[in-house]
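Chain A is the first sequence line, chain B the second, and so forth, proteins listed ahead of strands; every chain is numbered from 1.
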2 protein chains.
Amino acid sequence: MKYRNLGLKLTPQRLAILEYLEGNTSHPSAEDIYRKVHNEFPTMSLATVYSTLSALKVKGNVLELTVDPDKKRYDPNTNMHNHLICIQCKTIIDIPGAGSVALPEDLGQDFAVFKSHVEFYGLCPSCKKKAKAKEEDSHVR
Amino acid sequence: MKYRNLGLKLTPQRLAILEYLEGNTSHPSAEDIYRKVHNEFPTMSLATVYSTLSALKVKGNVLELTVDPDKKRYDPNTNMHNHLICIQCKTIIDIPGAGSVALPEDLGQDFAVFKSHVEFYGLCPSCKKKAKAKEEDSHVR
DNA sequence: ATTAATGCAAACACTTTGCAATGGA
DNA sequence: TCCATTGCAAAGTGTTTGCATTAAT
């Protein structure tokens, strides 16, 4: 099975969390994960979610995002990518972008940069469409 | 006086906070601000710090940063700039960078981007120097 | 005189911890 | 069997809120 080599004991709880996370691009919080997995697994506790996330983070199988001012979000996509935060609906959307952004030239010597992460603040496709429709509507009136 | 046009009542507490923030590049947390200002102003309460920060944020005089996983940090520099988080000493350092980073070309139509913020993860000048010294030391041994 | 701001304490939200019981390896 | 993991509850942070008092305008 695909999770065999994680170096973690594969409890049913962990499998349920891993399955929920697999390919998930919704950047769920611990609470989000708990709610979902709790359905199929009523005995699951929130502490277990936190402990599993912590273990996965250490193993490098999950990224802890600090894009939400209220709570940590988790991302099973550990490949380098960026995020757009929709200022309207607050959705967090993956934005491809492999290479690390470069520091301004004159600073390159002073710092060592290992990775970078870009937060775009704007409108997601859905909210952009709505805003455009609203704007056109106001022209007609 | 320079804070007259904020549209806020200028209480001594607020003046003390504004003065502490003026030109400050340390990205302090609410607690940091409280501790400092509490010295010269023993009656100052933490709730007042939070309420003042909230008012300043609304007025656009302070930025609330979400770069620290543990707490919010505040930045009186509201001009567009980026940040480097030193993975060694955890310091947050301003990195110039005016223009908004561009989205990947093929996504430009779907999204609307108003601003962007780059987080660089690496070593600050001081920690880079230390790391280099240590490395050279190990060559000699 | 009005009305917003203060300070305190209580409430809240998120996350971590201690520990006995459980169950993978 | 052994030791990591679970679930629960309690505790720990950071932040917000309610409210009577105070003070800026």
- Query: Looking at Val49(A), Asp75(A), Leu21(A), which one forms a side chain to side chain contact (heavy atoms under 4.5 Å, CB included) with Pro28(A)?
  - Reply: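 The side chain to side chain contact (heavy atoms under 4.5 Å, CB included) with Pro28(A) is passed solely by Leu21(A) among Val49(A), Asp75(A), Leu21(A).
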Rounded to whole angstrom units, what separation is found between the [atom1] atom of [X] and the [atom2] atom of [N]?
X	N	atom1	atom2	result
Leu10(B)	dT3(C)	CG	C1'	16 Å
Leu6(B)	dA4(C)	CG	C1'	15 Å
His38(A)	dG7(D)	NE2	P	9 Å
Asp32(A)	dA13(C)	CG	P	15 Å
Ile17(B)	dT6(C)	CD1	P	7 Å
Asp68(A)	dA13(C)	CG	P	15 Å
Leu18(B)	dA24(D)	CG	C1'	15 Å
Tyr34(B)	dT15(D)	OH	P	15 Å

- Item | Residue pairs, two or more places apart or on separate chains, that pass ring-ring contact (aromatic ring centres under 6.0 Å, His included) and touch residues 38-73 of chain B | Tyr34(B)-His38(B)
- With respect to His27(B), which candidate in Thr91(B), Asp32(B), Asp94(B) satisfies the side chain to side chain donor-acceptor pair (under 3.5 Å) definition?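 Single side chain to side chain donor-acceptor pair (under 3.5 Å) partner of His27(B) among Thr91(B), Asp32(B), Asp94(B): Asp94(B).
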- Query: Does the ring of Tyr121(B) carry Lys115(A) above it, NZ/CZ under 6.0 angstrom from centre and within 45° of its axis?
  - Reply: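 Checked: cation-pi criterion met.
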- Taking Arg73(B) for its side chain and Val67(B) for its backbone only, find out whether a donor-acceptor pair lies under 3.5 Å. no
- Item | Sugar-phosphate, base or nothing in reach of Pro69(B), heavy atoms under 4.0 Å |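 Contact class for Pro69(B): none.
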When you check the phosphate oxygens OP1 and OP2 of [N], does a side-chain N or O of [X] lie under 4.0 Å from one of them?
X	N	answer
Lys71(A)	dT15(D)	no
Thr11(B)	dA5(C)	no
Arg14(A)	dG24(C)	no
Gln13(A)	dG7(D)	yes

- Message: Ring centroids only, cut at 6.0 angstrom: are His83(B) and His117(B) within range, meaning strictly under it?
- Response: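 Yes, they do, as the ring centres are separated by less than 6.0 Å.
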- Query: Nearest nucleotide by nearest heavy atom, which residue falls closer to the 5' end of DNA chain D, Leu8(B) or Ala30(B)?
  - Reply: Ala30(B)
- Of Lys9(A) and Lys9(B), whose nearest nucleotide on DNA chain D comes first from the 5' end?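 Per heavy-atom nearest nucleotide, the more 5' residue is Lys9(A).
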- When you measure from every atom of DNA chain C, which of residues 42-58 of chain B have a heavy atom less than 4.0 Å away?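 Heavy-atom cutoff 4.0 Å gives Thr43(B), Met44(B), Ser45(B), Ala47(B), Thr48(B), Ser51(B).
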- To the nearest 0.5 angstrom, please state how far the OH atom of Tyr74(A) sits from the OG1 atom of Thr52(A). 11.0 Å
